[in-house]
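See structure below.
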Amino acid sequence: MTHPPRPNADQAGAALIVSLIMLLLMTILGLASVRNTALEEKMTANAYDRSLAFQAAEAGLRAGEAVAEAQAKADNEGFPKGNCACSSASGLCTTLEATCEGRWSNPKFQGWASTNKQATPLGDLAVMPEYFVEYLGENFPCQRMNVDTMQFCKRYRITARSAREGRASVMLQSIYATN
């Protein structure tokens, strides 16, 4: 009676070790894939939040431009009097003098006016867009290429900001000119 050949003592359990190493590699690869997917989801959410905050800040700019247009027609009667003065109710600020601190960069600045949610539907923003309007003067030529026309326009700087649940914040500025 013959017995089957015995495996060499040096090779006992080699297949088990090789399969465990392969299983470990597959687990590491799977975990890396899951982590990559989670990171891509966060990136997509951040891009969405920033896009929504940007659109809301643009709506704030449009609201500020409408206020500037109304003030231009009313000969700027709504602007507060005094140096570096701002009204948080209307979002109107006097011309920024050299002695005044930059308004948009000052976290303690209280002159921001909120937009009306009914006028600008902005989804589920945590903070409605805010803006303020600064009067820059009326000695600017209306047409840059033709300064000789002697027609001057009033200029306003509108600054708007919006934030999306503290995750994305956007601040925009525009210069608005009107006759």
Side-chain angles (χ1 to χ4, degrees), residues 37-145 147 149 151-179:
T37 302
L39 180 63
E40 286 178 3
E41 280 187 32
K42 286 181 184 177
M43 289 170 35
T44 302
N46 288 340
Y48 174 76
D49 290 343
R50 187 173 186 303
S51 175
L52 197 54
F54 184 84
Q55 292 173 18
E58 269 192 332
L61 275 183
R62 300 302 160 250
E65 289 171 356
V67 168
E69 182 70 33
Q71 284 302 308
K73 290 178 181 173
D75 277 340
N76 297 326
E77 292 181 7
F79 281 92
K81 306 295 183 232
N83 191 18
C84 304
C86 285
S87 167
S88 62
S90 63
L92 298 175
C93 299
T94 58
T95 305
L96 190 62
E97 302 292 329
T99 58
C100 301
E101 185 177 346
R103 294 176 174 125
W104 58 87
S105 61
N106 182 358
K108 296 178 183 176
F109 176 66
Q110 298 295 316
W112 298 94
S114 292
T115 61
N116 182 355
K117 190 170 185 167
Q118 275 74 28
T120 53
L122 301 168
D124 58 343
L125 277 180
V127 177
M128 291 305 296
E130 300 173 310
Y131 67 90
F132 65 89
V133 178
E134 297 170 291
Y135 178 59
L136 299 179
E138 54 188 51
N139 55 350
F140 298 96
C142 291
Q143 298 175 351
R144 290 186 345 197
M145 299 300 187
V147 181
T149 62
Q151 183 182 9
F152 293 98
C153 291
K154 296 176 183 173
R155 296 248 173 127
Y156 303 88
R157 178 172 43 213
I158 296 107
T159 305
R161 71 178 180 183
S162 180
R164 172 91 170 121
E165 297 174 5
R167 297 185 301 210
S169 61
V170 174
M171 186 177 298
L172 301 174
Q173 261 187 357
S174 70
I175 302 294
Y176 186 76
T178 184
N179 292 342

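Keep in mind that what you see is a predicted model, and the values were worked out from it rather than measured.
- Considering all non-hydrogen atoms of both residues, F132 and C93 come closest at CD1-SG, 3.9 Å.
- Considering every non-hydrogen atom in both A160 and A57, the closest pair reads CB-O, 3.4 Å.
- Between the OG atom of S174 and the CD atom of E58 there is a distance of 10.0 Å, given to the nearest 0.5 Å.
- The two atoms that bring C86 and G111 nearest to each other are CB-CA, 4.3 Å, heavy atoms only.
- The side-chain heavy atoms of Y176 and V133, taken from C-beta on, include no pair separated by under 4.5 Å.
- To the nearest 0.5 Å, the span separating CZ on R161 from CD on Q173 amounts to 13.0 Å.
- In this structure, CH2 on W112 lies 11.0 Å from CZ on R103, to the nearest 0.5 angstrom.
- Here the closest non-hydrogen pair linking A68 and I158 is CB-CD1, 4.4 Å.
- N46 has its side chain out of reach of R50: every pair of non-hydrogen atoms, C-beta onward, lies at least 4.5 Å apart.
- Listed here is the closest heavy atom pair of T115 and G60: CG2-CA, 3.9 Å.
- Here the straight-line distance linking atom CD of E65 with atom OG1 of T178 works out to 11.0 Å at 0.5 Å rounding.
- Between Y135 and Y156, the two ring planes are tilted [angle within 30° to 60°].
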message: Before you tell me yes or no, could you show the steps for Q71 and L92 under side chain to side chain contact (heavy atoms under 4.5 Å, CB included), namely the whole-Å CA-CA distance, both residues' side-chain angles and the distance that decides it to 0.1 Å?
response: CA-CA 9 Å; Q71 284 302 308; L92 298 175; 3.7 Å; yes

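- Here the side chains of S162 and V170 are not in contact, with every heavy-atom distance at 4.5 Å or above.
- Taking both residues in full, the closest heavy atoms of E134 and F79 are given as C-CE2, 4.4 Å, listed atom of the first, atom of the second, then distance.
- The pair K154-D75 counts as a salt bridge, with a side-chain nitrogen and a carboxylate oxygen less than 4.0 angstrom apart.
- Y48 has its side chain out of reach of T44: every pair of non-hydrogen atoms, C-beta onward, lies at least 4.5 Å apart.
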